[in-house]
Student: 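Questions regarding the structure given below will be posed in turn.
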Number of protein chains: 2
Amino acid sequence: MTDEKEQWLVDLLRRLEDDDGKKTEKQIRIIEAAVEVFSEKGFAAASTSEIAQRAGVAEGTIFRHYKTKKDLLLSIAGPVAAKLFAPFLMRDFARLLELPYDRVEDFLRAILRDRLEFARKNMKLIKILVHEVPFQPELLAQVKELFTHIVVTRVEKAVKHFQAQGALKEIPPWRVIRSTVSQFVGMIVFHVFLAPDFPFDEEEEIERTVDILLHGIAGRPS
Amino acid sequence: MTDEKEQWLVDLLRRLEDDDGKKTEKQIRIIEAAVEVFSEKGFAAASTSEIAQRAGVAEGTIFRHYKTKKDLLLSIAGPVAAKLFAPFLMRDFARLLELPYDRVEDFLRAILRDRLEFARKNMKLIKILVHEVPFQPELLAQVKELFTHIVVTRVEKAVKHFQAQGALKEIPPWRVIRSTVSQFVGMIVFHVFLAPDFPFDEEEEIERTVDILLHGIAGRPS
DNA sequence: AGGAATAGTGAGTGATTACTCACTCTTGTA
DNA sequence: TACAAGAGTGAGTAATCACTCACTATTCCT
């Protein structure tokens, strides 16, 4: 039944796989240059002339492939939003709920590890998305829709599953989700964006973060 | 001894109190209009002509008080950065460490409550600061300096104090700080910026957030 | 090989930009 | 009251902006 309403999501993600479909070499260079300039200066302060210059292309070439500058932005930031939530749509994620012996910590560790890697590989794209989402209504709507659809249909189910199992406290799922997202985003923002040179053992850092999320920072006697 | 090196910080905050010093009525209107336009469109997409129009002022008047558009931005965003960290410099905060009977949860609740209120009252200003910090090196440097100075001299001391007391786990203070900031920022961003219409009992929400930070989301049996 | 579609070009365009400047108006002081 | 200093003005300016278009180069199908 989920496959009916979420078909568009699956389609969306499938389209992301072959997004290198039929692109000219120059068009690829335009996208690469746009990512550079957008992430460095922000969308509004980025000029099409600089993008063209960095791509080694005439300015008119940009507008052959993209109607407007905003079009170029959306063609870049849109897919990032989808990829950001992609792992929560994978089959493995749904199947996971059928494995009652799977421990929450393994589950959380896997997600954090995966999204940390994703953030590292896509720093500039994420920066562009986060920066422009408040000013581009289309982007905001897309992100909100992706997030709510995924959360209510998948993640919330997973939370309730683990709660029934006794692995998670019986608190409202949205609070569990918010705490987890806060902790994970905080960790990723710190290590990837704020202090990328801060030395750390990735596996241990993941484990400690999940441990704090699960058991808190209070002392033992409590 | 802290009073020597941190004199500049104290001075900075004192200057914020009487920042309404000798300002013309039109100058105040310019600042108000600038806050509006900057937060709506972003600094780069905001035009001085629109700011002047909204302030009911000639465009030249802006440049009588501010050398450049960037000057106007910095005069707005700079003080916000300082006010953001201000409560961690208050005398009460330092004195708190001399009260061994004070419980961590009361401490955390007070901070969260205070910063939540601050965020509500200064939504637009915070939005401007967060949005422009990555693109204005002066702002970034100021925020980093404020944060590190405050953290190492005050908050870290507080964490170690509570650890010695047995109220907090013996984990590296920076990890305690990161977890706390993550959880608090996540809570504030959700309630103030993402879902301001989401109905909630503020006091209970504060209590539940602090409880999750202290004791985690794991089920009792563990 | 031929011809149509698509990719690429770059000079040109009107609109908008941040900022200037010569000027007037207001305010405080002696 | 006289006068200096600052506040306020708005037309003006050079630069830059996103975007267009008439044209050429390349690719692709038959």
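All values derive from a computational prediction rather than experimental measurement. Throughout, a chain's letter reflects where its sequence line sits, starting with A, and its residues are numbered from 1.
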Student: Calculate the interatomic distance between A:Glu50 atom CD and D:dA15 atom P; express it in whole Å.
Tutor: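 The answer, rounded to whole Å, is 19 Å.
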Student: I need the CD1-P distance between A:Ile28 and C:dG8, as an integer number of Å.
Tutor: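 Between P of C:dG8 and CD1 of A:Ile28: 11 Å.
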Student: Flag this pair as yes if the NZ/CZ of A:Lys124 is under 6.0 angstrom from the six-membered ring centre of A:Phe38 and inside a 45 degree cone about the axis; otherwise no.
Tutor: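 No, A:Lys124 and A:Phe38 do not form such a contact.
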Student: Taking the side chain as every heavy atom from C-beta outward, state whether B:Met187 and B:Ile206 have any atom pair closer than 4.5 Å.
Tutor: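 In short, these two side chains touch, coming nearer than 4.5 Å.
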Student: From the options C:dT17, C:dA7, D:dA18, select the nucleotide whose nearest atom is closest to the side chain of A:His65.
Tutor: C:dA7
Student: Would you indicate whether the side-chain heavy atoms of B:Thr48 and B:Leu72 approach each other to under 4.5 Å?
Tutor: no
Student: Compare all side-chain heavy atoms of A:Leu84 with those of A:Val143 and state whether any distance is below 4.5 angstrom.
Tutor: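 Of all side-chain heavy-atom pairs linking A:Val143 with A:Leu84, none is under 4.5 Å.
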Student: Could you tell me the separation between the CG atom of B:Leu73 and the P atom of C:dA18, rounded to a whole number of Å?
Tutor: 13 Å
Student: Could you work out which one of D:dT9, D:dA18, C:dG8 sits closest to the side chain of A:Thr24?
Tutor: C:dG8
Student: The side chain of B:Phe63 is closest to which nucleotide in this list: D:dA18, C:dG8, C:dC19?
Tutor: C:dC19
Student: Once you round it to whole Å, what is the distance between P of C:dA7 and CZ of A:Arg29?
Tutor: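 Computing the A:Arg29:CZ to C:dA7:P distance gives 16 Å.
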Student: Looking at every strand, decide which applies to B:Ala44 at a 4.0 Å heavy-atom threshold: base, sugar-phosphate, or nothing.
Tutor: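 No contact.
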Student: Figure out the NZ/C1' separation between B:Lys70 and C:dT17, and round it to whole Å.
Tutor: 17 Å
Student: May I ask you to check whether A:His131 and B:Phe135 place their ring centers less than 6.0 Å from one another?
Tutor: yes
Student: By the 4.0 Å heavy-atom rule, please label B:Glu59 as base, sugar-phosphate, or nothing.
Tutor: base
Student: Base, sugar-phosphate or nothing for B:Ser47? Non-hydrogen atoms, less than 4.0 Å.
Tutor: sugar-phosphate
Student: Using atom NZ of B:Lys23 as one end and atom P of D:dA7 as the other, report the distance to the nearest whole Å.
Tutor: 13 Å
Student: Where the side chain of B:Arg64 is concerned, which of D:dC19, C:dC19, D:dG8 is the nearest nucleotide?
Tutor: D:dG8
Student: What is the distance from CD of B:Gln27 to C1' of D:dG6, rounded to the nearest Å?
Tutor: 12 Å
Student: Tell me which of B:Thr61 and A:Ala45 sits closer to the 5' end of DNA chain D, going by the nucleotide each one is nearest to.
Tutor: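 The residue closer to the strand's 5' end, by nearest nucleotide, is B:Thr61.
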Student: What contact category does B:Ala55 fall into here, base, sugar-phosphate, or nothing, at under 4.0 angstrom with non-hydrogen atoms?
Tutor: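 No contact.
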Student: Looking only at the side chain of A:Lys69 (C-beta and beyond, no hydrogens), which of the listed nucleotides D:dT9, C:dG8, D:dA18 gets closest?
Tutor: D:dA18
Student: Within the pair B:Lys26 and D:dT9, is there a side-chain N or O less than 4.0 Å away from OP1 or OP2?
Tutor: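 The answer is yes; a side-chain N or O of B:Lys26 sits under 4.0 Å from OP1 or OP2.
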Student: What is the distance from CD1 of A:Ile62 to P of D:dC17, rounded to the nearest Å?
Tutor: 12 Å
